[in-house]
Amino acid sequence: MVAPTHLKALQALEAAIRKGSLRRAAEELSVTPAAVGQRIKSLEDYLGIDLLMRSRSGLVPTPALSAALDHLYRAFRELEAVAEAIDIQRGHEIHIACVTDFAELWLKPRLESFRVAHPNVLFCVNGEGETPLRLGPVDCEITFGARADDVETLFRDFVIPISSPENTRRISMARRRDSLEGFPLLHLDFYRNDPAVPNWQAWSRSNRLRRTAPERGMRFQRIAPVLDAVLADAGLAICGLALVADHVDQGRLSLPFPIETGVWTEHRFQARFRGDALLRPQVRRFREWLAGEAGGTRMWLDHVVGADQPCD
């Protein structure tokens, strides 16, 4: 029998080969690239052989794995078929794969309102929730990226420096041109692939602020930990407002620079629903609820920014 940890490792291995990289496999599985690598490494350690190697075109199977590759692909096709066959028995479940920060900071805090209206619906978000993780495709996938034809845009974000109220007070006491000097700069890689989002070096230059070595400082992959650092007075971060709206409204976060210094993201949070999943009424209700909640976030952003989101 295959242990659950080995099944996850095989899932990571299959996705890495099919996608050609740990990063793209991680996006599909809604985990970090490091987690994909660790799962594959645990399987290699268990078997005592290397399973992947790098080529010019990306990750490829080693000779030791090549002989079993057809079996691996066929096994996951069969598992998907099983999941589809028993899907009707999961009539009250909704399975979501989601950007981790979106799930923690935006989706999960709002789900209670949906549960009140639909108490019999059970959620599994990124493998956790009231119902266990199942094999096969999820009902809804929520990503942050460039516009795609087969997805529904939820909202773009508005990116601007954020700080604690105390650091904002200290910044207000400095000369504008030198207002960044002396403050630790936190670098958030969440937006690194968005061509519209500046790093600290580009932002300070475009706003004519002097800053020694703006490229230095701690780096963060995710929004949640950088948010904790900002709230603890540990520095300033260039961050989107959509997922931290409650902190802004309640005064725990503040904007140390004018709203005109921010930019709309080119990428957007977007949702993809499986066509057959939308045959189930509870998934359609969730889709409508998600669109309504996203509309509320768009209105909040437009109000804060003082302008509507740019049209596509």
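On a predicted model such as this, the values are computed, not experimentally measured, just so you know.
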(Q) If the test is side-chain hydrogen bond (donor to acceptor under 3.5 Å, both in side chains), which one of Gln270, Arg272, His95 qualifies with Glu141? (A) Arg272
(Q) Is it the case that the ring center of Phe269 lies less than 6.0 angstrom away from the ring center of Phe102? (A) yes
Q. Any donor and acceptor pair, going by atom type alone, linking the side chain of Arg274 with main-chain N or O of Pro137 inside 3.5 Å?
A. yes
Q.
Let's go through Asp45 and Lys41 carefully: what are the C-alpha distance in whole Å and the side-chain angles of both, what is the deciding distance for salt bridge (charged side-chain N to carboxylate O under 4.0 Å, His left out) to 0.1 Å, and is it a yes or a no?
A. CA-CA 6 Å; Asp45 291 343; Lys41 181 65 165 56; 2.8 Å; yes
Q. What's in the same ILVMFWY side-chain cluster as Met53, cut-off under 4.5 Å, chained through other members?
A. Val60
Q: Take Arg192 and Asp189 through the salt bridge (charged side-chain N to carboxylate O under 4.0 Å, His left out) test and state the conclusion after the steps.
A: CA-CA 5 Å; Arg192 66 185 180 278; Asp189 289 338; 5.3 Å; no
Q | Ring center gap for Phe155 and Trp300 short of 6.0 angstrom | A | no
Q. Does Asp101 use its side chain to pair, donor to acceptor, with the backbone of Ile223 at less than 3.5 Å?
A. yes
Q. Are the side chain of Asn199 and the backbone of Gln201 linked by a donor-acceptor contact shorter than 3.5 Å?
A. yes
(Q) Taking Val197's backbone N and O only, do any of them form a donor-acceptor pair with Trp203's side chain (distance below 3.5 Å, no angle check)? (A) no
Q) So, do Pro256 and Phe183 sit near enough that their side-chain heavy atoms are less than 4.5 Å apart? A) no
Q. Can Lys19 and Glu27 be counted as an ion pair, charged N to O under 4.0 angstrom?
A. no
Q: Flag the pair Val244 / Val230 as yes when at least one side-chain heavy-atom distance between them is below 4.5 Å, and no otherwise.
A: no
Q | Residue list, side-chain hydrogen bond (donor to acceptor under 3.5 Å, both in side chains) with Glu288, at least two apart or on another chain | A | none
Q | Under 3.5 Å donor-acceptor, Arg115 side chain and Val121 backbone | A | no
(Q) Side chains of Gln250 and Arg252: any donor to acceptor distance under 3.5 Å? (A) yes
**Q.** Main-chain N/O of Arg208 paired with Arg177 side-chain donor or acceptor, under 3.5 Å
**A.** yes
When the side chains of residues 231-243 are checked against the rest of the protein, which donor-acceptor pairs come out under 3.5 Å, sequence neighbours left out?
residue	atom	partner	partner atom	Å
Asp233	OD1	Ser164	OG	2.4

**Q.** Donor-acceptor contact below 3.5 Å, side chain Arg211 vs main chain Leu180
**A.** yes
